[in-house]
Amino acid sequence: MMLAVTLTVKRDAFTLQLNNSLPLQGVTALFGRSGCGKTTLLRAIAGLDRHADATVQCSATIWQQGSRFVPVHQRRIGMVFQESSLLPHLSVKQNLLYGFKRLAKHIAVQLKPEQVIRLLELAPLLEQAPGQLSGGQRQRVALGRALLSQPQLLLLDEPLASLDQQSRSEILPFLQRIANTTGIPILLVSHQLDDVVKLADHLVLMQHGRIHSQGPLQQQLLQPELAAIGAMSLLHAQSQGSNNHLLKLSIGQQQLQLPAPQHANTASYSPTSYRLRIQARDVALSLKPLSDSSVSNQLQVSISGFNIAPHPAETLVQLTLEGQPLQALLTKHSVERLGLQVGQQVYAQIKAVALD
Amino acid sequence: MMLAVTLTVKRDAFTLQLNNSLPLQGVTALFGRSGCGKTTLLRAIAGLDRHADATVQCSATIWQQGSRFVPVHQRRIGMVFQESSLLPHLSVKQNLLYGFKRLAKHIAVQLKPEQVIRLLELAPLLEQAPGQLSGGQRQRVALGRALLSQPQLLLLDEPLASLDQQSRSEILPFLQRIANTTGIPILLVSHQLDDVVKLADHLVLMQHGRIHSQGPLQQQLLQPELAAIGAMSLLHAQSQGSNNHLLKLSIGQQQLQLPAPQHANTASYSPTSYRLRIQARDVALSLKPLSDSSVSNQLQVSISGFNIAPHPAETLVQLTLEGQPLQALLTKHSVERLGLQVGQQVYAQIKAVALD
Amino acid sequence: MPELFLTLSPQDWQAIRLTLKLCLYTTLILLLLGTPLAWWLSLSQSKLRTAIQAIVALPLVLPPTVLGFYLLLLLGPHGAVGSTLQQLGLNHLAFSFSGILIGSVIYSLPFTVQPLLESFRRMGPRPLEVAATLGAGKLDQLFSVVLPLCRGGFIVAATLTFAHTMGEFGVILMLGGSIPGETQVLSVLIYDHAEAMNYAQAHQLSLGLLISAFVVLFIVYGLHRRFEREAPL
Amino acid sequence: MPELFLTLSPQDWQAIRLTLKLCLYTTLILLLLGTPLAWWLSLSQSKLRTAIQAIVALPLVLPPTVLGFYLLLLLGPHGAVGSTLQQLGLNHLAFSFSGILIGSVIYSLPFTVQPLLESFRRMGPRPLEVAATLGAGKLDQLFSVVLPLCRGGFIVAATLTFAHTMGEFGVILMLGGSIPGETQVLSVLIYDHAEAMNYAQAHQLSLGLLISAFVVLFIVYGLHRRFEREAPL
Amino acid sequence: YASDKLTIAAASDLRYALDDVIALFHQQQPAAEVRVIYGSSGKLSTQIRHGAPYDLFFSADIQFAEQLYAEGHALSQPQLYALGRIVLWSPRQNMAGIELAQLTELNFRRLAIAQPAHAPYGLRAKEALQAVGVWPAVEAKLVYGENIAQTAQMAQSGGADIAIIALALAKFPELANSSKRASHGYQLIPAELHQPLSQAYVITRHGANNNTAQQFTAFMTDKDVLAIMQAYGFELPVSARQGEQE
Ligand SMILES: Nc1ncnc2c1ncn2[C@@H]1O[C@H](COP(=O)(O)OP(=O)(O)OP(=O)(O)O)[C@@H](O)[C@H]1O
Ligand SMILES: Nc1ncnc2c1ncn2[C@@H]1O[C@H](COP(=O)(O)OP(=O)(O)OP(=O)(O)O)[C@@H](O)[C@H]1O
Ligand SMILES: [Mg+2]
Ligand SMILES: [Mg+2]
């Protein structure tokens with residue numbers, strides 16, 4: 001399942017040029033600086049702008065090619081616009097149900113209104129007018145509305161930009177679950193690398209109107225472009241059960257213990273594999289295991305290389321942990337002090353881990 | 001210099017009730033969940049909404065009291081609205097200069113157009129219409145416009161929400177410098193605790209239409225409400241000079257070494273004191289100093305208490321470092337393993353530090 | 001007040017009914033014709049559309065009786081339209097209700113099209129884009145988005161059209177010939193009374209007209225305001 | 001085409017000049033009066049304002065000659081206004097340019113106020129709030145924000161008003177009496193030519209009127225579109 | 001003050017005749033400035049009542065003039081100077097020889113007359129139709145013009161098949177030649193069938209001191225003027241005929 005896009009958009013000082021396939025599976029994040037063309041791309045995919053000579057193919061369906069152009073309303077797309085876009089003459093409830101009520105009979109309802117309203121905490125707002133909502137409330141309604149239209153593809157243009165951390169941390173896993181359980185692919189624009197790493201399976205890096213690189217999140221995180229923002233690694237780990245709120249995980253032969261994730265609605269959801277997000281600056285290295293430290297997770301790794309870090313006093317140490325890439329950000333001073341070398345076996349102290 | 005606000009706003013399911021003074025010095029952050037009344041408060045301060053029986057006093061000037069009501073345009077306020085608010089009939093340049101051109105003769109120009117345009121990277125956009133900008137570009141223009149009106153008070157309602165990390169990390173220090181050098185106080189709404197901690201001197205925590213607590217950032221960070229989002233500490237340190245891109249800092253008797261901050265425009269700006277932001281999860285504790293670890297900053301601290309952490313498997317350890325509060329997030333397991341007790345002297349390994 | 005209406009003659013009542021019918025029909029027809037026309041005008045930028053927008057306003061600049069005379073020529077038995085109708089075995093349209101209806105429609109066209117056009121332009125593309133992504137087709141968008149969002153524009157268009165048709169008599173007089181029950185609308189009747197110096201009757205009808213128009217407009221604008229307050233744009 | 005205008009008599013030219021003057025003055029006065037009125041109407045929600053909005057539309061529902069008649073009663077030497085003026089040593093206003101100007105202003109008022117009002121309402125409060133935070137006072141906001149942002153509304157208002165004044169003759173004929181150079185505007189003249197069955201002259205003037213109105217409207221709408229394209233709202 | 005500028009308000013039916021009269025007057029008094037405003041008698045007299053700057057008022061019906069005089073808006077007694085006549089006219093066929101009473105036998109849809117409520121020619125047409133007893137039969141077929149000129153236009157356009165209009169108009173070339181198919185004979189309606197259409201003028205209060213007004217009223221009895229009136233289908237009243245014979 002791929003979304004194949006061939007597109008050229010020329011504007012005064014800006015050109016968008018693409019000839020790429022994006023995966024239609026799980027969450028694909030579009031990441032790039034302001035003005036690099038993310039919104040332009042989403043609009044072209046949705047069919048909101050019809051650019052000459054563009055081709056858009058969603059799985060087997062050709063949405064645009066030559067004179068063929070499937071109109072927006074037939075593409076079954078759920079879109080959250082970057083700017084507030086509630087229909088001002090409808091109440092929150094009417095906005096939420098606008099797409100839902102228009103569903104053809106034969107379309108199976110995977111996302112029920114009650115469910116979406118509960119999760120996005122929209123119940124107290126249902127009768128309000130869009131003009132009476134706060135910025136974050138508007139965004140939640142727009143997201144709920146897009147979800148309820150039971151789309152085949154979700155295009156989310158910074159859907160959480162004006163949400164507080166707590167709302168974010170509740171909505172993100174929900175989106176992930178939607179992608180996992182309903183199979184609706186999500187194309188997500190976000191400026192929060194945090195959110196992207198939590199959610200995305202695939203990361204598309206855009207730069208100046210082009211797709212600079214794309215690939216599975218774990219690989220993409222090694223891109224030096226991202227190091228500038230905050231180098232990070234992603235580890236896949238297997239669950240070994242949990243007790244006393246601690247989750248035991250294994251990566252190959254090695255073990256980790258982490259606080260178990262605590263979502264209100266995870267009771268029914270205990271996956272066997274986890275993704276661990278580890279910031280490079282949260283990884284320390286030592287030549288032998290440390291015993292009297294609070295750091296409980298120490299993993300044996302081998303040094304596979306040294307990369308330039310954004311800061312001249314630092315080095316990004318590339319590690320291999322049971323075949324998976326891991327990055328550590330150290331000061332050059334420490335690297336010298338410990339005499340680190342490529343191929344050397346060292347211990348990585350992982351202080352902080354984010355789990356999904 | 002205080003902003004004294006007495007205000008009651010009653011809406012269907014929401015009541016805002018305030019009787020507080022906010023400091024008019026440096027950056028004051030308004031932090032609170034979506035819908036808690038931040039925008040409502042800013043609008044009342046700006047005079048955009050006139051609520052009955054409200055009192056707003058800015059330093060010695062009464063802006064609203066009884067029948068007295070200074071109209072918005074006489075308050076010399078710079079406002080960045082939460083939603084895009086460029087004047088659609090004006091070009092970017094005209095938008096930027098709208099307030100600037102209306103300045104009375106006697107007002108000293110502290111922020112020059114060239115300076116603002118350069119810092120917000122607006123030069124290539126000057127002739128474009130607002131409708132031709134990306135979301136982030138619009139926000140930058142709105143911010144620049146507010147700055148150029150040489151306000152006496154800046155009200156920023158999530159001014160950086162749709163900006164990428166890089167733009168953010170360039171604009172934030174700029175805002176801080178404005179607050180420091182021009183003396184224009186900033187009231188900032190943000191959902192990014194990161195940004196708040198980088199920028200704010202004073203933190204106002206809002207909850208359900210009330211001010212829950214307020215105070216200097218360092219103290220406010222100990223509020224358990226913030227621990228839920230990510231416990232954090234702030235340390236004030238003195239500069240001891242830098243060499244080889246490494247900055248030497250002292251906190252009391254103790255020393256730290258950190259990669260020196262690298263802003264394009266720091267050449268002329270080398271402060272003698274720094275603020276160190278340290279996430280509680282980036283602090284590890286050990287009973288004695290570690291020698292063969294990459295962690296180079298180890299500080300002697302004493303344990304002043306144990307707090308409940310959001311996760312049941314974790315504990316928030318309260319530390320005192322040369323009289324300043326520091327927090328460490330450890331698993332209960334580690335606390336037990338190391339046998340940590342109140343009053344004990346331990347070594348804190350600080351893996352990651354954010355510097356402003 | 002009660003006596004005011006007691007003294008209305010059957011002829012007056014007939015004219016009132018006829019006027020209401022004409023105004024209602026004209027307004028409805030113009031909303032039906034004007035909405036797609038204004039919609040089409042709002043979409044593209046071509047010269048042709050600018051020209052058509054200008055043409056729509058042209059009937060306004062001619063004195064009504066003169067316009068009426070030209071329409072009479074057109075709709076009468078020798079005119080293009082009238083003669084075609086006659087060849088089809090129908091009556092030509094001069095001096096008939098259909099005739100004055102056509103006249104009113106043409107004459108009030110700009111009052112419908114212009115406010116609608118402006119209203120559509122100001123709405124901008126976003127609400128329609130939103131509706132489209134939520135599965136609403138063009139027609140659905142018209143009813144579920146355009147109509148409610150441009151309600152103000154429709155109200156302005158409808159009230160201006162209705163009122164203008166109500167007061168207009170030049171075109172109608174020429175084209176309709178003041179036939180009681182068929183083309184003698186209230187404005188013509190009031191004019192006749194005034195010309196004949198039957199001032200009492202003219203005043204009475206005028207006053208009645210003004211009061212009822214006021215009541216209707218007051219209610220319409222009041223309701224519109226209430227809506228606006230409830231769902232501000 | 002050139003011959004078309006060669007055959008215009010001095011009287012025709014005089015009427016053309018007078019018409020342009022009347023339309024221009026009426027449009028300007030109405031924009032000056034209508035803008036604050038519409039602005040005021042757009043701001044509040046009170047019943048009084050709804051009533052005034054309804055009253056503004058009332059002149060429309062009366063047949064123009066009847067309206068002209070009432071205005072004659074008011075502005076003539078026996079009327080409240082006219083007699084007051086005479087007591088002040090001035091002339092009453094009937095049968096003067098000032099008189100027909102007042103008549104046109106009253107009669108075209110709704111065509112100015114309604115589109116402006118709608119336009120102001122749709123603009124919403126945000127642009128004004130922004131301008132206020134940037135130090136623009138009320139009047140400054142009017143010129144730097146309202147006028148350019150509601151340009152479409154102003155154009156609709158101005159063209160409808162101008163065209164309507166151009167074509168209107170009922171009020172003017174009654175109140176002004178077709179005095180050459182003073183109140184004999186083009187519409188009255190064309191009407192007169194048509195009545196006199198001087199069809200050649202009537203046709204010629206009508207055609208000239210239509211063509212020039214078309215050209216003006218085409219240019220105005222075309223420019224407006226160009227602006228809109230350059231700075232879409 | 002005395003002014004040489006003369007403004008005449010005249011009923012529409014005088015349109016062509018009065019134009020010629022003024023032209024003639026102008027030959028004799030080249031310095032005099034005369035302008036004329038045509039309209040319905042009712043409207044013109046209303047305007048005079050409310051301050052219209054008309055010096056002379058030529059009414060299509062003496063009643064309007066008499067009323068003005070009675071109310072003090074006119075200074076002179078209304079002066080009768082001609083009688084109007086009405087004719088049957090059709091754009092389709094030559095009406096010559098067709099009597100009013102024969103209307104019931106003709107196949108037509110619409111008969112145009114001026115609005116009897118306020119137009120003198122309309123009222124006379126109605127009287128004539130009633131006098132010959134065809135009114136009830138034709139009433140449903142009637143369409144009404146605002147004034148006699150508009151009535152003629154209604155017929156001229158073909159919208160109305162027949163019209164009852166002023167003889168003065170029927171003689172006007174525009175109408176006489178308006179259709180190529182037939183030369184349009186008209187049928188004079190006997191004067192006995194209706195009240196006389198007494199054309200009368202008065203000097204208004206506004207024209208009280210206007211020398212030209214005096215000269216023009218005097219000129220109205222000139223025999224060349226009477227000839228013009230007659231040529232346009234007006235009959236001269238007894239008084240004027242006496243003058244003519246002198
Ligand atoms: N209508 C337009 N006309 C001309 N240029 C435009 C138009 N819309 C966008 N642009 C330009 O195209 C570029 C890409 O815009 P786009 O909105 O796709 O950026 P983006 O990646 O979504 O940025 P952001 O993260 O700030 O929303 C920008 O440089 C913008 O200035
Ligand atoms: N015009 C209004 N009428 C009624 N209720 C309103 C109105 N505007 C806002 N509210 C409600 O008032 C509360 C506070 O809104 P406000 O916009 O101040 O929140 P906020 O703190 O700025 O939130 P966010 O971070 O999402 O922007 C919300 O619950 C909102 O629903
Ligand atoms: Mg964007
Ligand atoms: Mg807000």
Side-chain angles (χ1 to χ4, degrees), chain C residues 9 11-12 15 63-83 85-86 90-97 99-100 103 169-185 187-199 201-202, chain E residues 11-12 39-50 60-61 63-64 67-68 71 90-92 108-120 122-123 126 138-163 178-181:
Chain C
S9 68
Q11 193 191 22
D12 295 340
T65 36
V66 175
L67 178 66
F69 179 63
Y70 289 135
L71 285 174
L72 188 58
L73 290 180
L74 186 73
L75 302 179
H78 310 318
V81 176
S83 63
L85 282 174
Q86 283 194 324
L90 301 165
N91 281 330
H92 65 84
L93 294 169
F95 309 119
S96 66
F97 181 75
I100 60 170
F169 83 109
V171 175
I172 294 175
L173 199 60
M174 191 71 191
L175 195 57
S178 190
I179 304 166
E182 174 128 29
T183 62
Q184 191 186 47
V185 293
S187 59
V188 170
L189 190 63
I190 296 178
Y191 170 79
D192 282 348
H193 283 318
E195 283 278 282
M197 302 194 218
N198 291 333
Y199 292 131
Q201 265 176 290
Chain E
S12 308
S40 76
S41 306
K43 181 183 298 169
L44 293 172
S45 62
T46 302
Q47 289 181 325
I48 288 165
R49 246 178 233 115
H50 292 96
D61 190 326
Q63 270 182 5
F64 292 103
Q67 217 174 332
L68 281 182
E71 292 166 5
S90 165
R92 288 194 313 197
F108 66 95
R109 274 185 62 215
R110 293 295 181 196
L111 170 62
I113 65 172
Q115 178 58 256
H118 54 79
L123 185 58
K126 182 178 177 181
V138 299
E139 193 181 355
K141 297 181 174 180
L142 288 176
V143 297
Y144 303 93
E146 182 197 345
N147 54 42
I148 197 62
Q150 208 183 76
T151 310
Q153 287 177 330
M154 285 175 162
Q156 191 187 14
S157 72
D161 313 274
I162 307 174
S178 65
S179 171
K180 282 108 210 157
R181 271 177 287 161

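Convention: sequence-line order gives letters A, B, ...; per-chain numbering from 1. Here the structure is a predicted model, which means the values were calculated and not measured.
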Per-residue contact mode, C:Met174 against chain E (heavy atom under 4.5 angstrom): both
Pairs of heavy atoms under 4.5 Å with chain E: top-ranked of C:Leu73, C:Asn198, C:Leu173: C:Leu173
With E:Phe64 via ring-ring contact (aromatic ring centres under 6.0 Å, His included) - residues at least two apart: none
Any donor-acceptor N/O pair, C:Asp192 side chain to C:Leu189 backbone, under 3.5 Å: no
Inter-residue atom distance C:Leu67.CG - C:Leu74.CG, 0.5 Å rounding: 10.0 Å
Atom group of E:Gln115 that falls short of 4.5 Å from chain C, counting heavy atoms: side chain
side-chain contact (heavy atoms from CB on, under 4.5 Å) against C:Ala94, all qualifying residues, sequence neighbours excluded: C:Leu72, C:His92
Under 4.5 Å from a heavy atom of chain E, the part of C:Thr65 involved: side chain
Structural part of E:Ser45 lying under 4.5 Å from a heavy atom of chain C: side chain
Region of C:Tyr70 that comes under 4.5 Å of a non-hydrogen atom in chain E: neither
Under 4.5 Å from a heavy atom of chain E, the part of C:Phe69 involved: side chain
Polar contact flag, side-chain donor to acceptor under 3.5 angstrom, E:Ser40-C:Glu195: yes
Leading residue by heavy atom contact count with chain E [cutoff under 4.5 Å; candidates C:Thr183, C:Asn91, C:Val188]: C:Asn91
Leading residue by heavy atom contact count with chain C [cutoff under 4.5 Å; candidates E:Gly42, E:Gly158, E:Ala112, E:Ala160]: E:Gly158
Aromatic plane relationship, E:His118 with C:Tyr191 - under 30° parallel, 30 to 60° tilted, over 60° perpendicular: perpendicular
Least distance between heavy atoms, C:Asp12 atom then C:Gln201 atom: OD2-NE2, 4.1 Å
